[in-house]
Peer 1: 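Dropping the structure in here first, questions after.
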Number of protein chains: 2
Amino acid sequence: MEISKAFGIVLRKPRKLAGLSQEELALQCDLDRTYIGLLERAQRQPSITTIFIISEVLKIKPHELIKEVEKLHGI
Amino acid sequence: MEISKAFGIVLRKPRKLAGLSQEELALQCDLDRTYIGLLERAQRQPSITTIFIISEVLKIKPHELIKEVEKLHGI
DNA sequence: ATGTAGACTCGCGTCGACG
DNA sequence: GCGTCGACGCGAGTCTACA
């Protein structure tokens, strides 16, 4: 699977788990609401800092998030 | 420490370990030689796909690379 | 609360060239 | 083999607005 698509899927899970809307997550990450949507629909590629910012808000270590992406992508 | 700076440092180690020059690494990654230099000097932020591509060439799992970045960055 | 669209700024990633 | 510079296309990330 494409990396961006894998990331979108991976992103959505812990967000829902944290009980956050895209809007609330975006607010806490200091990112745009529409951008979170774009990420989840795999229409944007996050940079490494964006990954770290989102991970921190979701209280997940970035490498755990990446590990999930690896699984879906099929390393 | 800044994330991009941490990544630059983390990147250099396994590259040297693999006995690759920036030039050779860039070639295998299908990236530009100057861009690898920019990354190591923390003047560019890699996207998630770039991280995956470089990791694959360096035969490191992306999440291992990220874990090193976390350490330097100080999660 | 989310998807989408347009328009915008700025940074990623490329390329050629020089030291 | 690497750092740096200028220039470039294109994509990251923002903002507004409508459904």
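In what follows, every chain begins at residue 1, and chains take the letters A, B, ... in the order their sequences are listed.
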Peer 1: For A/L25 and C/dA1, give me the distance from atom CG to atom P, rounded to whole Å.
Peer 2: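 It works out to 13 Å between those atoms.
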Peer 1: Is there a path of hydrophobic side-chain contacts, each under 4.5 Å between heavy atoms of I/L/V/M/F/W/Y residues, joining A/I51 to B/I53?
Peer 2: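 B/I53 and A/I51: separate clusters.
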Peer 1: In whole angstrom, what separates B/L31's CG from D/dC2's C1'?
Peer 2: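 Spelled out: CG on B/L31 to C1' on D/dC2 is 17 Å.
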Peer 1: Can you list everything that forms a side chain to side chain donor-acceptor pair (under 3.5 Å) with B/S55? Sequence neighbours excluded, please.
Peer 2: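 Partners of B/S55 by the side chain to side chain donor-acceptor pair (under 3.5 Å) criterion come out as none, since no residue qualifies.
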Peer 1: Tell me, please, which residues at least two apart from B/S4 pass side chain to side chain donor-acceptor pair (under 3.5 Å).
Peer 2: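 By the side chain to side chain donor-acceptor pair (under 3.5 Å) rule, B/S4 matches no residue at all.
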Peer 1: For B/L39 and D/dG3, give me the distance from atom CG to atom P, rounded to whole Å.
Peer 2: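 So the CG-P distance, B/L39 to D/dG3, works out to 11 Å.
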Peer 1: For residues 9-16 of chain B, which residues have at least one heavy atom under 4.0 Å from DNA chain D?
Peer 2: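 Residues of residues 9-16 of chain B that come under 4.0 Å of DNA chain D are, in numerical order, B/R12, B/R15.
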Peer 1: Can you check the B/I36 CD1 to C/dC12 C1' distance for me, whole Å?
Peer 2: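 After rounding, the reported distance stands at 13 Å.
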Peer 1: Output all residues satisfying side-chain contact (heavy atoms from CB on, under 4.5 Å) with B/E56, sequence neighbours left out; order by chain, then residue number.
Peer 2: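 Result, side-chain contact (heavy atoms from CB on, under 4.5 Å) vs B/E56: none returned.
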Peer 1: Could you write out each protein N or O paired with an N or O of nucleotides 4-8 of chain D at a distance under 3.5 Å?
Peer 2:
residue, atom, partner, partner atom, Å
D/dT4, OP2, B/R41, NH1, 2.5

Peer 1: Just to be sure I follow the notation: if a pair is Watson-Crick (purine N1 to pyrimidine N3 plus N6-O4 or O6-N4) or a G-U wobble (N1-O2 and O6-N3), each under 3.5 Å, what dot-bracket string does DNA chain D give, with | for pairs to another strand?
Peer 2: .||||||||||||||||||
Peer 1: Please tabulate, for the side chains in residues 9-21 of chain A, all donor-acceptor contacts under 3.5 angstrom to protein atoms that are two or more places apart in sequence or on a different chain.
Peer 2:
residue, atom, partner, partner atom, Å
A/R12, NE, A/E40, OE1, 2.8
A/R12, NH2, A/E40, OE1, 3.0
A/R15, NE, A/E40, OE2, 2.6
A/R15, NH1, A/L20, O, 2.9
A/R15, NH2, A/E40, OE1, 3.3
A/S21, OG, A/E23, N, 3.4
A/S21, OG, A/E24, N, 3.0
A/S21, OG, A/E24, OE1, 3.4

Peer 1: Between B/L25 and B/V57, is the side chain to side chain contact (heavy atoms under 4.5 Å, CB included) condition met? List the steps.
Peer 2: CA-CA 7 Å; B/L25 175 59; B/V57 171; 3.6 Å; yes
Peer 1: Could you give the CD-to-C1' distance, from B/E40 to D/dG3, as a whole number of Å?
Peer 2: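 Whole-Å distance recorded here is 12 Å.
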Peer 1: Going only through I, L, V, M, F, W and Y residues with side-chain contacts under 4.5 Å, is there a path from A/I54 to A/L72?
Peer 2: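 Per the 4.5 Å side-chain linkage, A/I54 and A/L72 are co-clustered.
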Peer 1: If the condition is side-chain contact (heavy atoms from CB on, under 4.5 Å), which residues does A/S47 pass it with, not counting sequence neighbours?
Peer 2: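 Residues passing side-chain contact (heavy atoms from CB on, under 4.5 Å) with A/S47: A/T49, A/T50, B/Q45.
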Peer 1: Looking at A/K67 and A/E70, is any side-chain nitrogen of the basic one under 4.0 Å from a carboxylate oxygen of the acidic one?
Peer 2: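 Not counted as a salt bridge, because no side-chain N and carboxylate O are separated by less than 4.0 Å.
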Peer 1: Starting from A/I66, can I reach B/I3 by hopping between I/L/V/M/F/W/Y residues whose side chains sit under 4.5 Å apart?
Peer 2: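 The answer is yes; both residues are in one hydrophobic cluster.
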Peer 1: Only counting residues at least two apart or in another chain, list the ones meeting side chain to side chain donor-acceptor pair (under 3.5 Å) with A/R44.
Peer 2: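 Per chain and number, A/R44 pairs via side chain to side chain donor-acceptor pair (under 3.5 Å) with no residue.
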Peer 1: Hey, which sits more toward the 5' end of DNA chain D by its nearest nucleotide, A/T50 or B/Q22?
Peer 2: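 The residue mapped nearer the 5' terminus is B/Q22.
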Peer 1: Grab the CG-C1' distance between A/D32 and C/dG3 for me, whole Å please.
Peer 2: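 About 13 Å, once rounded to whole Å.
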